[in-house]
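These notes are about the structure you will find just below.
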Amino acid sequence: MTTPAEKLSTGIPGLDTVLSGGLTARRLYLVEGVPGSGKTTLALQFLLEAAARGERTLYITLSESVEELASVAASHGWSLAGMNLRELAPSLESLRPDDQYTMFHPSEVELGETTRAILEEVERIDPARIVFDSLSELRLLAGNALKYRRQILALKQFFSGRNCTVLLLDDMTSTDHDLQVQSIAHGVVALEQLNQDYGIERRRLRVIKYRGVKFRGGYHDYVIERGGLRVFPRLVASESRAPRPKERYVSGIEELDRLLGGGIERGTSTLIAGPAGTGKSSVAAQFVHAAAGRGQKALMVIFDEAENTLLQRTGELSIGLAPFIEAGQVRVKQVDPAELSPGELVNTIRRAVEDDGVSIVVIDSLNGLLNAMPGEKHLLIQMHELLMFLGQRGVATLLISAHHGLIGSAMTTPVDVSYLADAVILMRYFEAQGQVRQAISIVKKRSGAHERSIREFRMADSRIQVGKPLMDFQGILTGVPVMKPQGEAQKGELL
(Lines give C-alpha, C1' and ligand atoms only; values in the text may rest on other atoms or scores of the structure.)
Protein backbone atom coordinates (compact mmCIF):
# COMPACT_ATOMS: atom_id res chain seq x y z
CA MET A 1 0.00 0.00 0.00
CA THR A 2 1.28 3.47 -0.86
CA THR A 3 1.90 6.07 1.80
CA PRO A 4 0.79 9.72 1.53
CA ALA A 5 4.42 10.85 1.13
CA GLU A 6 5.16 8.50 -1.78
CA LYS A 7 5.87 10.20 -5.10
CA LEU A 8 4.49 8.81 -8.34
CA SER A 9 6.31 9.40 -11.62
CA THR A 10 4.30 11.18 -14.30
CA GLY A 11 6.11 9.23 -17.01
CA ILE A 12 7.76 12.51 -18.11
CA PRO A 13 11.25 12.84 -16.55
CA GLY A 14 11.48 16.60 -17.03
CA LEU A 15 8.08 17.14 -15.42
CA ASP A 16 9.09 14.93 -12.50
CA THR A 17 12.10 17.22 -12.00
CA VAL A 18 9.86 20.29 -11.95
CA LEU A 19 7.58 18.53 -9.44
CA SER A 20 10.51 17.53 -7.19
CA GLY A 21 10.12 13.83 -7.91
CA GLY A 22 6.57 13.49 -9.21
CA LEU A 23 3.05 13.62 -7.82
CA THR A 24 2.22 12.75 -4.23
CA ALA A 25 0.14 9.58 -4.23
CA ARG A 26 -3.58 9.49 -3.39
CA ARG A 27 -4.23 13.12 -4.22
CA LEU A 28 -6.34 15.00 -6.77
CA TYR A 29 -4.59 17.20 -9.33
CA LEU A 30 -5.71 19.64 -11.99
CA VAL A 31 -4.05 19.93 -15.42
CA GLU A 32 -5.41 22.89 -17.36
CA GLY A 33 -4.63 24.31 -20.76
CA VAL A 34 -6.15 25.41 -24.04
CA PRO A 35 -6.99 22.83 -26.71
CA GLY A 36 -3.81 21.60 -28.39
CA SER A 37 -1.54 22.21 -25.41
CA GLY A 38 -0.99 18.48 -24.76
CA LYS A 39 -3.26 17.65 -21.82
CA THR A 40 -4.45 14.33 -23.27
CA THR A 41 -0.89 13.30 -24.17
CA LEU A 42 0.31 14.12 -20.66
CA ALA A 43 -2.58 12.16 -19.14
CA LEU A 44 -1.90 9.10 -21.28
CA GLN A 45 1.79 9.16 -20.30
CA PHE A 46 0.70 9.34 -16.67
CA LEU A 47 -1.46 6.22 -17.06
CA LEU A 48 1.05 4.32 -19.21
CA GLU A 49 3.65 4.80 -16.48
CA ALA A 50 1.28 3.08 -14.02
CA ALA A 51 0.41 0.33 -16.51
CA ALA A 52 4.12 -0.42 -16.92
CA ARG A 53 4.24 -1.03 -13.17
CA GLY A 54 1.32 -3.46 -13.38
CA GLU A 55 -1.21 -1.06 -11.81
CA ARG A 56 -4.84 -0.71 -12.90
CA THR A 57 -5.76 2.54 -14.61
CA LEU A 58 -8.96 4.25 -15.77
CA TYR A 59 -9.47 6.98 -18.36
CA ILE A 60 -12.94 8.57 -18.20
CA THR A 61 -13.73 10.77 -21.18
CA LEU A 62 -16.69 13.08 -21.67
CA SER A 63 -15.29 14.95 -24.66
CA GLU A 64 -13.42 12.43 -26.84
CA SER A 65 -14.30 8.98 -28.09
CA VAL A 66 -12.28 5.89 -27.29
CA GLU A 67 -11.38 5.70 -30.98
CA GLU A 68 -9.93 9.22 -30.84
CA LEU A 69 -7.86 8.35 -27.76
CA ALA A 70 -6.54 5.24 -29.50
CA SER A 71 -5.59 7.41 -32.48
CA VAL A 72 -3.66 9.82 -30.23
CA ALA A 73 -1.83 6.90 -28.63
CA ALA A 74 -1.01 5.36 -32.02
CA SER A 75 0.51 8.66 -33.20
CA HIS A 76 3.04 8.32 -30.38
CA GLY A 77 3.65 4.62 -30.91
CA TRP A 78 1.76 3.59 -27.77
CA SER A 79 -0.63 0.73 -27.17
CA LEU A 80 -3.60 1.20 -24.84
CA ALA A 81 -4.05 -2.54 -24.38
CA GLY A 82 -4.75 -3.28 -20.74
CA MET A 83 -5.85 0.28 -20.01
CA ASN A 84 -9.48 0.82 -19.01
CA LEU A 85 -11.17 3.46 -21.17
CA ARG A 86 -14.71 4.59 -20.36
CA GLU A 87 -16.58 6.91 -22.72
CA LEU A 88 -19.45 8.83 -21.11
CA ALA A 89 -20.40 11.04 -24.06
CA PRO A 90 -24.13 11.46 -24.81
CA SER A 91 -25.58 8.53 -26.76
CA LEU A 92 -27.38 8.77 -30.08
CA GLU A 93 -30.69 7.95 -28.38
CA SER A 94 -30.45 11.11 -26.29
CA LEU A 95 -30.74 13.18 -29.46
CA ARG A 96 -34.21 11.86 -30.33
CA PRO A 97 -37.11 14.28 -29.57
CA ASP A 98 -39.00 11.60 -27.62
CA ASP A 99 -36.07 11.25 -25.24
CA GLN A 100 -35.78 14.94 -24.38
CA TYR A 101 -36.58 15.86 -20.77
CA THR A 102 -39.66 18.03 -20.19
CA MET A 103 -40.33 18.16 -16.44
CA PHE A 104 -36.67 18.52 -15.41
CA HIS A 105 -33.80 20.55 -16.76
CA PRO A 106 -31.48 18.22 -18.74
CA SER A 107 -28.53 19.10 -16.50
CA GLU A 108 -30.35 17.86 -13.40
CA VAL A 109 -30.79 14.40 -14.94
CA GLU A 110 -27.58 14.13 -16.97
CA LEU A 111 -25.33 15.27 -14.11
CA GLY A 112 -26.73 12.58 -11.83
CA GLU A 113 -26.43 9.91 -14.51
CA THR A 114 -22.87 10.92 -15.35
CA THR A 115 -21.81 10.98 -11.71
CA ARG A 116 -23.37 7.60 -11.07
CA ALA A 117 -21.61 6.09 -14.10
CA ILE A 118 -18.25 7.46 -12.90
CA LEU A 119 -18.66 6.03 -9.41
CA GLU A 120 -19.73 2.66 -10.74
CA GLU A 121 -16.68 2.40 -13.00
CA VAL A 122 -14.29 3.36 -10.20
CA GLU A 123 -15.81 0.82 -7.80
CA ARG A 124 -15.77 -1.89 -10.45
CA ILE A 125 -12.16 -1.41 -11.62
CA ASP A 126 -10.58 -0.06 -8.40
CA PRO A 127 -7.79 1.77 -10.32
CA ALA A 128 -4.59 3.18 -8.84
CA ARG A 129 -4.63 6.14 -11.25
CA ILE A 130 -7.60 7.92 -12.85
CA VAL A 131 -7.85 10.57 -15.54
CA PHE A 132 -11.06 12.58 -15.91
CA ASP A 133 -11.39 14.38 -19.26
CA SER A 134 -12.72 17.01 -19.14
CA LEU A 135 -14.11 19.29 -16.48
CA SER A 136 -15.69 21.61 -19.04
CA GLU A 137 -18.43 19.08 -19.68
CA LEU A 138 -19.06 18.61 -15.96
CA ARG A 139 -19.14 22.39 -15.47
CA LEU A 140 -21.82 22.73 -18.13
CA LEU A 141 -23.86 19.86 -16.67
CA ALA A 142 -23.73 21.43 -13.20
CA GLY A 143 -25.36 24.60 -14.50
CA ASN A 144 -24.08 26.95 -11.76
CA ALA A 145 -20.89 27.52 -9.76
CA LEU A 146 -22.30 26.28 -6.43
CA LYS A 147 -23.46 22.93 -7.80
CA TYR A 148 -20.22 22.54 -9.75
CA ARG A 149 -18.04 23.14 -6.68
CA ARG A 150 -20.11 20.75 -4.57
CA GLN A 151 -19.82 18.12 -7.29
CA ILE A 152 -15.99 18.42 -7.41
CA LEU A 153 -15.79 18.28 -3.62
CA ALA A 154 -17.95 15.15 -3.60
CA LEU A 155 -15.75 13.49 -6.21
CA LYS A 156 -12.61 14.44 -4.26
CA GLN A 157 -14.06 12.95 -1.09
CA PHE A 158 -15.02 9.78 -2.93
CA PHE A 159 -11.60 9.34 -4.53
CA SER A 160 -9.73 10.04 -1.28
CA GLY A 161 -11.09 6.83 0.16
CA ARG A 162 -10.24 4.75 -2.89
CA ASN A 163 -6.42 4.82 -2.62
CA CYS A 164 -6.07 6.33 -6.11
CA THR A 165 -4.38 9.35 -7.70
CA VAL A 166 -6.60 11.51 -9.90
CA LEU A 167 -5.86 13.89 -12.79
CA LEU A 168 -8.64 16.28 -13.75
CA LEU A 169 -8.22 17.83 -17.20
CA ASP A 170 -9.71 21.24 -17.98
CA ASP A 171 -9.56 22.67 -21.52
CA MET A 172 -10.52 26.16 -20.27
CA THR A 173 -13.11 26.59 -23.04
CA SER A 174 -15.90 27.62 -20.70
CA THR A 175 -16.61 31.34 -20.66
CA ASP A 176 -17.16 31.31 -16.88
CA HIS A 177 -13.85 29.66 -16.02
CA ASP A 178 -12.99 30.33 -12.39
CA LEU A 179 -10.59 29.20 -9.68
CA GLN A 180 -12.98 26.76 -8.01
CA VAL A 181 -11.08 23.58 -8.88
CA GLN A 182 -7.69 25.20 -8.32
CA SER A 183 -8.64 25.83 -4.69
CA ILE A 184 -9.79 22.24 -4.24
CA ALA A 185 -6.98 20.41 -6.06
CA HIS A 186 -3.81 19.33 -4.25
CA GLY A 187 -1.72 20.55 -7.18
CA VAL A 188 -2.28 22.53 -10.38
CA VAL A 189 -0.22 22.37 -13.60
CA ALA A 190 -1.00 24.91 -16.32
CA LEU A 191 -0.05 24.23 -19.94
CA GLU A 192 0.31 27.19 -22.29
CA GLN A 193 0.57 27.45 -26.05
CA LEU A 194 2.02 30.66 -27.47
CA ASN A 195 1.54 31.48 -31.15
CA GLN A 196 4.49 33.36 -32.60
CA ASP A 197 4.36 35.85 -35.46
CA TYR A 198 6.71 33.53 -37.32
CA GLY A 199 7.76 29.93 -36.77
CA ILE A 200 6.19 27.12 -34.81
CA GLU A 201 4.10 27.59 -31.71
CA ARG A 202 5.91 27.64 -28.37
CA ARG A 203 4.67 25.66 -25.41
CA ARG A 204 5.50 26.13 -21.76
CA LEU A 205 4.13 24.91 -18.44
CA ARG A 206 3.97 26.27 -14.93
CA VAL A 207 3.16 24.66 -11.60
CA ILE A 208 0.68 27.05 -10.04
CA LYS A 209 0.21 25.14 -6.84
CA TYR A 210 1.54 22.00 -5.13
CA ARG A 211 0.72 21.66 -1.45
CA GLY A 212 3.56 20.68 0.86
CA VAL A 213 6.17 20.38 -1.92
CA LYS A 214 8.94 22.78 -2.90
CA PHE A 215 8.56 22.56 -6.66
CA ARG A 216 10.60 24.37 -9.30
CA GLY A 217 8.71 27.56 -10.01
CA GLY A 218 8.56 29.65 -13.14
CA TYR A 219 7.94 28.68 -16.74
CA HIS A 220 9.40 25.55 -18.31
CA ASP A 221 9.42 24.99 -22.06
CA TYR A 222 8.15 21.71 -23.46
CA VAL A 223 7.51 20.13 -26.84
CA ILE A 224 5.09 17.51 -28.10
CA GLU A 225 6.77 14.97 -30.35
CA ARG A 226 6.38 11.32 -31.23
CA GLY A 227 6.78 9.57 -27.89
CA GLY A 228 4.96 12.22 -25.85
CA LEU A 229 5.84 15.40 -24.01
CA ARG A 230 9.44 16.44 -23.39
CA VAL A 231 9.76 19.01 -20.61
CA PHE A 232 12.87 21.16 -20.22
CA PRO A 233 13.12 22.31 -16.60
CA ARG A 234 14.23 25.88 -16.12
CA LEU A 235 17.97 26.04 -15.50
CA VAL A 236 18.98 26.94 -11.93
CA ALA A 237 22.72 27.52 -11.87
CA SER A 238 23.03 27.36 -8.08
CA GLU A 239 22.19 23.66 -8.21
CA SER A 240 25.32 22.88 -10.24
CA ARG A 241 28.13 24.08 -8.04
CA ALA A 242 31.25 21.98 -8.51
CA PRO A 243 34.94 22.64 -7.72
CA ARG A 244 37.08 23.30 -10.77
CA PRO A 245 40.88 23.34 -11.11
CA LYS A 246 42.53 26.36 -12.69
CA GLU A 247 43.52 25.70 -16.27
CA ARG A 248 44.13 27.74 -19.42
CA TYR A 249 42.98 26.69 -22.86
CA VAL A 250 45.28 27.93 -25.61
CA SER A 251 44.31 28.53 -29.23
CA GLY A 252 47.51 27.25 -30.76
CA ILE A 253 48.27 30.69 -32.24
CA GLU A 254 51.11 32.14 -30.18
CA GLU A 255 50.32 35.81 -30.81
CA LEU A 256 46.61 35.36 -29.99
CA ASP A 257 47.40 33.51 -26.77
CA ARG A 258 49.85 36.26 -25.84
CA LEU A 259 47.11 38.84 -26.33
CA LEU A 260 44.93 36.86 -23.92
CA GLY A 261 47.65 36.54 -21.31
CA GLY A 262 48.18 32.84 -21.99
CA GLY A 263 44.75 31.76 -23.29
CA ILE A 264 41.20 31.57 -21.98
CA GLU A 265 40.61 30.22 -18.48
CA ARG A 266 38.49 27.19 -17.73
CA GLY A 267 35.10 28.15 -16.30
CA THR A 268 35.10 31.63 -17.86
CA SER A 269 33.12 33.21 -20.70
CA THR A 270 34.70 35.11 -23.57
CA LEU A 271 32.76 37.47 -25.84
CA ILE A 272 34.13 37.87 -29.38
CA ALA A 273 32.54 41.03 -30.82
CA GLY A 274 32.86 42.83 -34.11
CA PRO A 275 31.23 43.46 -37.48
CA ALA A 276 30.42 40.70 -39.92
CA GLY A 277 33.35 39.08 -41.70
CA THR A 278 36.10 40.05 -39.26
CA GLY A 279 36.85 36.43 -38.33
CA LYS A 280 34.95 36.02 -35.05
CA SER A 281 33.66 32.53 -35.83
CA SER A 282 37.06 31.47 -37.16
CA VAL A 283 38.75 32.47 -33.90
CA ALA A 284 36.19 30.45 -31.95
CA ALA A 285 36.71 27.46 -34.27
CA GLN A 286 40.47 27.74 -33.69
CA PHE A 287 39.95 27.31 -29.93
CA VAL A 288 37.65 24.34 -30.57
CA HIS A 289 40.20 22.74 -32.90
CA ALA A 290 42.99 23.17 -30.35
CA ALA A 291 40.82 21.70 -27.57
CA ALA A 292 39.90 18.67 -29.67
CA GLY A 293 43.58 18.17 -30.46
CA ARG A 294 44.20 17.94 -26.70
CA GLY A 295 41.51 15.25 -26.40
CA GLN A 296 38.80 17.54 -25.01
CA LYS A 297 35.19 17.70 -26.19
CA ALA A 298 33.45 20.78 -27.56
CA LEU A 299 29.95 21.86 -28.58
CA MET A 300 29.32 24.46 -31.27
CA VAL A 301 25.80 25.91 -31.37
CA ILE A 302 25.46 27.74 -34.67
CA PHE A 303 22.57 29.94 -35.79
CA ASP A 304 23.92 31.91 -38.74
CA GLU A 305 25.43 29.35 -41.11
CA ALA A 306 25.02 25.74 -42.14
CA GLU A 307 27.33 23.06 -40.77
CA ASN A 308 28.80 22.23 -44.19
CA THR A 309 29.58 25.94 -44.73
CA LEU A 310 31.32 26.06 -41.37
CA LEU A 311 33.42 23.00 -42.21
CA GLN A 312 34.35 24.31 -45.64
CA ARG A 313 35.30 27.75 -44.35
CA THR A 314 37.36 26.51 -41.42
CA GLY A 315 38.97 23.81 -43.56
CA GLU A 316 40.35 26.52 -45.85
CA LEU A 317 42.06 28.01 -42.77
CA SER A 318 43.65 24.66 -41.83
CA ILE A 319 41.15 24.25 -38.99
CA GLY A 320 40.08 20.70 -39.75
CA LEU A 321 37.01 20.01 -37.62
CA ALA A 322 35.55 17.16 -39.71
CA PRO A 323 37.76 14.37 -38.26
CA PHE A 324 36.94 15.47 -34.71
CA ILE A 325 33.22 15.59 -35.52
CA GLU A 326 33.37 12.05 -36.88
CA ALA A 327 35.25 10.94 -33.74
CA GLY A 328 32.59 12.51 -31.50
CA GLN A 329 34.94 15.03 -29.89
CA VAL A 330 33.28 18.03 -31.54
CA ARG A 331 29.52 18.29 -31.86
CA VAL A 332 27.90 20.91 -34.08
CA LYS A 333 24.29 21.81 -33.28
CA GLN A 334 22.70 23.81 -36.08
CA VAL A 335 19.74 25.78 -34.74
CA ASP A 336 16.76 27.24 -36.55
CA PRO A 337 15.42 29.95 -34.18
CA ALA A 338 11.93 29.57 -35.67
CA GLU A 339 11.82 25.87 -34.72
CA LEU A 340 13.58 25.65 -31.36
CA SER A 341 12.45 27.01 -28.00
CA PRO A 342 14.97 28.67 -25.64
CA GLY A 343 14.39 25.97 -23.01
CA GLU A 344 15.19 23.20 -25.47
CA LEU A 345 18.39 24.97 -26.52
CA VAL A 346 19.56 25.38 -22.92
CA ASN A 347 18.70 21.74 -22.26
CA THR A 348 20.85 20.69 -25.25
CA ILE A 349 23.82 22.58 -23.83
CA ARG A 350 23.22 21.23 -20.34
CA ARG A 351 23.04 17.61 -21.51
CA ALA A 352 26.26 18.05 -23.52
CA VAL A 353 28.04 19.31 -20.41
CA GLU A 354 26.62 16.90 -17.82
CA ASP A 355 26.36 13.75 -19.94
CA ASP A 356 29.10 14.12 -22.55
CA GLY A 357 31.74 16.03 -20.57
CA VAL A 358 32.04 18.98 -22.97
CA SER A 359 34.85 21.41 -22.02
CA ILE A 360 34.20 24.24 -24.49
CA VAL A 361 30.86 25.64 -25.68
CA VAL A 362 30.56 28.07 -28.59
CA ILE A 363 27.34 30.06 -29.20
CA ASP A 364 27.46 31.60 -32.67
CA SER A 365 25.86 34.02 -32.50
CA LEU A 366 24.01 36.01 -29.86
CA ASN A 367 22.15 37.72 -32.70
CA GLY A 368 20.66 34.37 -33.67
CA LEU A 369 19.99 33.51 -30.04
CA LEU A 370 18.12 36.78 -29.60
CA ASN A 371 15.76 35.76 -32.40
CA ALA A 372 14.93 32.58 -30.45
CA MET A 373 14.12 34.53 -27.29
CA PRO A 374 10.87 36.37 -26.52
CA GLY A 375 12.73 39.60 -25.75
CA GLU A 376 16.06 41.18 -24.83
CA LYS A 377 15.26 41.23 -21.11
CA HIS A 378 14.61 37.51 -21.10
CA LEU A 379 17.77 36.87 -23.11
CA LEU A 380 19.96 38.64 -20.55
CA ILE A 381 18.40 36.79 -17.63
CA GLN A 382 18.65 33.39 -19.29
CA MET A 383 22.17 34.08 -20.56
CA HIS A 384 23.26 35.07 -17.05
CA GLU A 385 21.92 31.81 -15.65
CA LEU A 386 23.48 29.76 -18.47
CA LEU A 387 26.91 31.37 -18.08
CA MET A 388 26.81 30.84 -14.31
CA PHE A 389 25.96 27.18 -14.85
CA LEU A 390 28.74 26.68 -17.40
CA GLY A 391 31.22 28.51 -15.21
CA GLN A 392 30.41 26.40 -12.17
CA ARG A 393 30.83 23.26 -14.29
CA GLY A 394 34.28 24.42 -15.41
CA VAL A 395 33.30 24.97 -19.05
CA ALA A 396 34.94 27.66 -21.18
CA THR A 397 32.28 29.53 -23.17
CA LEU A 398 32.82 31.53 -26.35
CA LEU A 399 30.04 33.95 -27.33
CA ILE A 400 29.93 35.53 -30.78
CA SER A 401 28.24 38.92 -31.20
CA ALA A 402 27.95 40.68 -34.56
CA HIS A 403 27.83 44.46 -34.48
CA HIS A 404 25.58 46.43 -36.80
CA GLY A 405 27.68 48.24 -39.39
CA LEU A 406 31.17 47.63 -40.78
CA ILE A 407 33.48 50.60 -40.20
CA GLY A 408 33.30 53.52 -37.80
CA SER A 409 32.66 54.25 -34.16
CA ALA A 410 28.84 54.25 -34.44
CA MET A 411 28.47 50.46 -34.62
CA THR A 412 25.88 49.02 -32.25
CA THR A 413 24.99 45.60 -30.95
CA PRO A 414 21.43 44.23 -30.66
CA VAL A 415 22.05 43.15 -27.09
CA ASP A 416 24.91 44.05 -24.76
CA VAL A 417 26.25 41.10 -22.77
CA SER A 418 29.78 42.45 -22.37
CA TYR A 419 29.22 42.97 -18.65
CA LEU A 420 28.40 39.26 -18.29
CA ALA A 421 31.54 38.05 -20.07
CA ASP A 422 34.82 37.52 -18.23
CA ALA A 423 36.83 38.55 -21.29
CA VAL A 424 36.03 40.54 -24.42
CA ILE A 425 37.87 40.15 -27.73
CA LEU A 426 37.18 43.11 -30.01
CA MET A 427 37.65 42.76 -33.76
CA ARG A 428 37.54 45.71 -36.13
CA TYR A 429 37.99 46.79 -39.75
CA PHE A 430 40.18 49.80 -40.39
CA GLU A 431 41.34 51.66 -43.47
CA ALA A 432 45.06 52.13 -44.08
CA GLN A 433 47.14 52.79 -47.20
CA GLY A 434 44.20 52.22 -49.52
CA GLN A 435 43.28 48.85 -48.02
CA VAL A 436 40.63 47.53 -45.66
CA ARG A 437 42.51 45.72 -42.93
CA GLN A 438 41.48 43.99 -39.71
CA ALA A 439 42.54 44.42 -36.10
CA ILE A 440 42.12 42.41 -32.91
CA SER A 441 42.48 43.48 -29.29
CA ILE A 442 41.49 42.45 -25.78
CA VAL A 443 39.45 45.16 -24.08
CA LYS A 444 38.50 43.23 -20.95
CA LYS A 445 39.78 40.28 -18.96
CA ARG A 446 38.79 39.62 -15.36
CA SER A 447 41.18 36.79 -14.60
CA GLY A 448 44.83 37.74 -14.92
CA ALA A 449 46.77 40.21 -17.01
CA HIS A 450 46.49 40.53 -20.77
CA GLU A 451 48.24 42.39 -23.54
CA ARG A 452 46.70 45.81 -24.18
CA SER A 453 48.06 46.35 -27.66
CA ILE A 454 46.07 46.25 -30.89
CA ARG A 455 47.37 43.70 -33.37
CA GLU A 456 46.63 43.21 -37.03
CA PHE A 457 44.49 40.18 -37.83
CA ARG A 458 44.52 38.37 -41.17
CA MET A 459 43.05 35.23 -42.69
CA ALA A 460 45.50 34.44 -45.47
CA ASP A 461 47.77 31.67 -46.73
CA SER A 462 45.29 29.06 -45.43
CA ARG A 463 45.64 30.08 -41.81
CA ILE A 464 44.79 32.69 -39.19
CA GLN A 465 47.56 35.23 -38.72
CA VAL A 466 47.92 37.63 -35.81
CA GLY A 467 50.56 40.24 -36.50
CA LYS A 468 52.71 42.54 -34.41
CA PRO A 469 51.20 45.40 -32.40
CA LEU A 470 50.10 48.30 -34.62
CA MET A 471 52.32 50.93 -33.07
CA ASP A 472 52.35 53.30 -36.07
CA PHE A 473 48.62 54.10 -35.97
CA GLN A 474 46.21 55.76 -33.64
CA GLY A 475 42.43 55.73 -33.84
CA ILE A 476 42.30 52.18 -35.22
CA LEU A 477 39.08 51.36 -33.36
CA THR A 478 37.36 54.30 -35.06
CA GLY A 479 37.90 52.59 -38.42
CA VAL A 480 39.82 55.50 -39.92
CA PRO A 481 43.21 55.66 -38.13
CA VAL A 482 45.97 58.16 -38.77
CA MET A 483 49.67 57.48 -39.07
CA LYS A 484 51.57 58.74 -36.05
CA PRO A 485 54.71 60.81 -36.52
CA GLN A 486 57.90 58.77 -36.32
CA GLY A 487 58.88 60.19 -32.95
CA GLU A 488 55.54 59.30 -31.36
CA ALA A 489 55.72 55.81 -32.79
CA GLN A 490 59.11 55.27 -31.19
CA LYS A 491 57.84 56.66 -27.92
CA GLY A 492 54.93 54.25 -28.07
CA GLU A 493 57.30 51.37 -28.68
CA LEU A 494 59.29 52.28 -25.58
CA LEU A 495 56.11 52.29 -23.49
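Computed from a predicted model, the values in this text were never measured in an experiment.
A donor-acceptor contact shorter than 3.5 Å links the side chain of D422 to the backbone of S269. Between the side chain of K445 and the main chain of G261, no donor-acceptor pair closer than 3.5 Å is present. Side-chain atoms of S20 come within 3.5 Å of backbone N or O of K214 as a donor-acceptor pair. Of the possible polar contacts, none joining the T309 side chain to the E305 backbone as a donor-acceptor pair under 3.5 Å is found. Between the R266 side chain and the G394 main chain, a donor and an acceptor come within less than 3.5 Å of each other. Judged by distance alone, the side chain of R206 and the main-chain N or O of G217 form no donor-acceptor pair under 3.5 Å. Panel note: side chain D221, backbone G343; a donor-acceptor pair is recorded below 3.5 Å. Remark: the backbone N or O of G228 is paired with a side-chain donor or acceptor of H76 at under 3.5 angstrom. Side-chain atoms of E87 never come within 3.5 Å of backbone atoms of S65 as a donor-acceptor pair (strictly under, hydrogens ignored). Judged purely by atom type and a 3.5 angstrom limit, Y222 has no side-chain atom pairing as donor or acceptor with the backbone of L191.
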Run I400 and L271 through side chain to side chain contact (heavy atoms under 4.5 Å, CB included) and show every step you take. CA-CA 6 Å; I400 311 297; L271 174 65; over 6 Å; no

Before giving the answer on side chain to side chain contact (heavy atoms under 4.5 Å, CB included), spell out for L366 and M383 the whole-Å C-alpha distance, their side-chain angles and the decisive distance to 0.1 Å. CA-CA 10 Å; L366 291 178; M383 184 57 59; 3.8 Å; yes

Run the side-chain hydrogen bond (donor to acceptor under 3.5 Å, both in side chains) test on S37 and E192 for me, step by step, so that the C-alpha distance in whole Å, both residues' side-chain angles and the decisive distance to 0.1 Å come before the verdict. CA-CA 6 Å; S37 57; E192 295 185 10; over 6 Å; no

Working for side chain to side chain contact (heavy atoms under 4.5 Å, CB included), residues L169 and L135: CA-CA 6 Å; L169 307 186; L135 289 180; over 6 Å; no

Mind running side-chain hydrogen bond (donor to acceptor under 3.5 Å, both in side chains) on D133 and Y59 for me, showing each step along the way? CA-CA 8 Å; D133 183 11; Y59 195 112; 2.8 Å; yes

Set out, in order, the CA-CA distance, both residues' side-chain angles and the distance that settles ring pair (Phe, Tyr, Trp, His ring centres under 6.0 Å) for F232 and H220, then state yes or no. CA-CA 6 Å; F232 311 109; H220 313 273; over 10 Å; no

Apply side-chain hydrogen bond (donor to acceptor under 3.5 Å, both in side chains) to the pair S281 and D364, showing each step before the final yes or no. CA-CA 7 Å; S281 300; D364 185 6; 2.5 Å; yes

Kindly determine whether R204 and S341 satisfy side-chain hydrogen bond (donor to acceptor under 3.5 Å, both in side chains), including the steps that lead there. CA-CA 9 Å; R204 62 184 186 179; S341 68; over 6 Å; no

Evaluate the criterion side chain to side chain contact (heavy atoms under 4.5 Å, CB included) for residue pair N367 and F303; output intermediate values, then yes/no. CA-CA 8 Å; N367 306 66; F303 290 84; over 6 Å; no

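Atom CD of E339 has more than 12 heavy atoms from other residues, nucleotides or ligands within 6.0 Å. No more than 12 heavy atoms of other residues, nucleotides or ligands sit less than 6.0 Å from atom CD of Q157. The number of heavy atoms from other shown groups lying within 6.0 Å of CZ (R150) does not exceed 12.
Put simply, CG on L390 and OG1 on T397 are 4.0 Å apart, with the number rounded to the nearest 0.5 Å. A distance of 5.5 Å separates CZ of R350 from CG of L235, quoted to the nearest 0.5 Å. Note that CG of L310 and CD of Q334 are 9.5 Å apart. Values are rounded to the nearest 0.5 Å. Considering CZ of R331 and CD of E307, their distance stands at 10.5 Å, rounded to 0.5 Å. The distance from the CG atom of L23 to the CG atom of L167 is 6.5 Å, given to the nearest 0.5 Å. To the nearest 0.5 Å, atoms OH (Y249) and CG (L260) are separated by 15.0 Å.
Counting heavy atoms from C-beta on, the side chains of R26 and S160 never come closer than 4.5 Å.
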Pairs under 3.5 angstrom only: tabulate donor-acceptor contacts from the side chains of residues 118-126 to other protein residues two or more places apart or in another chain.
unit_1 : atom_1 : unit_2 : atom_2 : d
E121   : OE1    : R124   : NH2    : 2.8
E121   : OE2    : R86    : NE     : 3.3

With a 3.5 Å cut-off and sequence neighbours excluded, list the donor-acceptor pairs that the side chains of residues 39-49 form with protein atoms.
unit_1 : atom_1 : unit_2 : atom_2 : d
K39    : NZ     : G33    : O      : 3.1
K39    : NZ     : V34    : O      : 3.3
T40    : OG1    : E64    : OE2    : 3.2
Q45    : OE1    : L229   : N      : 2.8

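For the residue pair E6/T24, the side-chain donor-acceptor check at 3.5 Å is not satisfied.
In this structure, R230 pairs ionically with E225, as a charged nitrogen and a carboxylate oxygen lie closer than 4.0 Å. A salt bridge between E344 and R203 is absent, with no side-chain N of the basic residue lying under 4.0 Å from a carboxylate O of the acidic one.
Just one residue in the list T348, V353, D355 forms a side chain to side chain contact (heavy atoms under 4.5 Å, CB included) with R351, and that residue is D355.
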